[in-house]
Amino acid sequence: MNPPLVADALVEPAARRLKALADPTRLRILNALRVHGELSVQAIMDEVGLKQANTSKHLGLLAREGLVARRAEGASAYYSLAEPSVAGIALLVVSALRAEAGG
């Protein structure tokens, strides 16, 4: 018998984190942070092509789920990846998709 994928106590938090990752816009934000490192909100907006309110909404959700870290400097906010497993999760999914596509 195999162990469960997720312990009962972690099912809800794991589902919330996976749901946070299951949005194309948030994946684009995480891609930008992975490629460029720490970015200001304006740089994220420019990189992903979002308006300020939409960017802030997505960054807030990613921060609540512990996926990005926020650092304030004066009136500006800077974001970076907070959870190293994000890259691993994305790589696993992309590897599986490539394998399914035959390449």
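What you are looking at is a predicted structure, and each value in this text was computed from that prediction instead of being measured. Index from 1, following the sequence.
Smallest separation of non-hydrogen atoms from Y79 and V68: CD2-CG2, 3.8 Å. Between A69 and A82, the shortest heavy-atom distance links the atoms N-CB, 3.5 Å. Heavy-atom minimum distance, V6 versus A14: CG1-CB, 4.2 Å.
Just one residue in the list I89, T25, L81, D23 forms a side chain to side chain contact (heavy atoms under 4.5 Å, CB included) with L30, and that residue is L81.
Both L21 and I29 are members of a single hydrophobic cluster when ILVMFWY side chains are connected at heavy-atom separations under 4.5 Å. Under the 4.5 Å side-chain heavy-atom criterion for grouping Ile, Leu, Val, Met, Phe, Trp and Tyr, L39 is connected to M45 within one hydrophobic cluster.
Other residues, nucleotides and ligands place more than 12 heavy atoms under 6.0 Å from the CG atom of L97.
The CZ atom of R71 sits 9.5 Å away from atom OG of S76, with the distance rounded to the nearest 0.5 Å. One finds the CD atom of E65 at 9.5 Å from the CZ atom of R26 (value rounded to the nearest 0.5 Å). Note that OG1 of T55 is 9.0 Å distant from CG of D46, once rounded to the nearest 0.5 Å. Atom CZ of R17 and atom CG of L62 lie 10.5 Å apart (nearest 0.5 Å). A distance of 8.5 Å separates CG in L91 from CZ in R98, rounded to the nearest 0.5 Å.
No side-chain heavy atom of L67 sits less than 4.5 Å from a side-chain heavy atom of L61.
With no hydrogens or angles considered, a side-chain donor-acceptor pair links S85 and E83 at under 3.5 Å.
Not one N or O on the side chain of R28 forms a donor-acceptor pair closer than 3.5 Å with the backbone of V48.
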Given R16 and K19, is the side-chain contact (heavy atoms from CB on, under 4.5 Å) satisfied, shown in steps?
CA-CA 5 Å; R16 282 193 310 271; K19 185 176 178 181; 5.6 Å; no
Check the pair L50 / I44 against side-chain contact (heavy atoms from CB on, under 4.5 Å), numbers first and verdict last.
CA-CA 8 Å; L50 296 173; I44 293 168; 5.7 Å; no
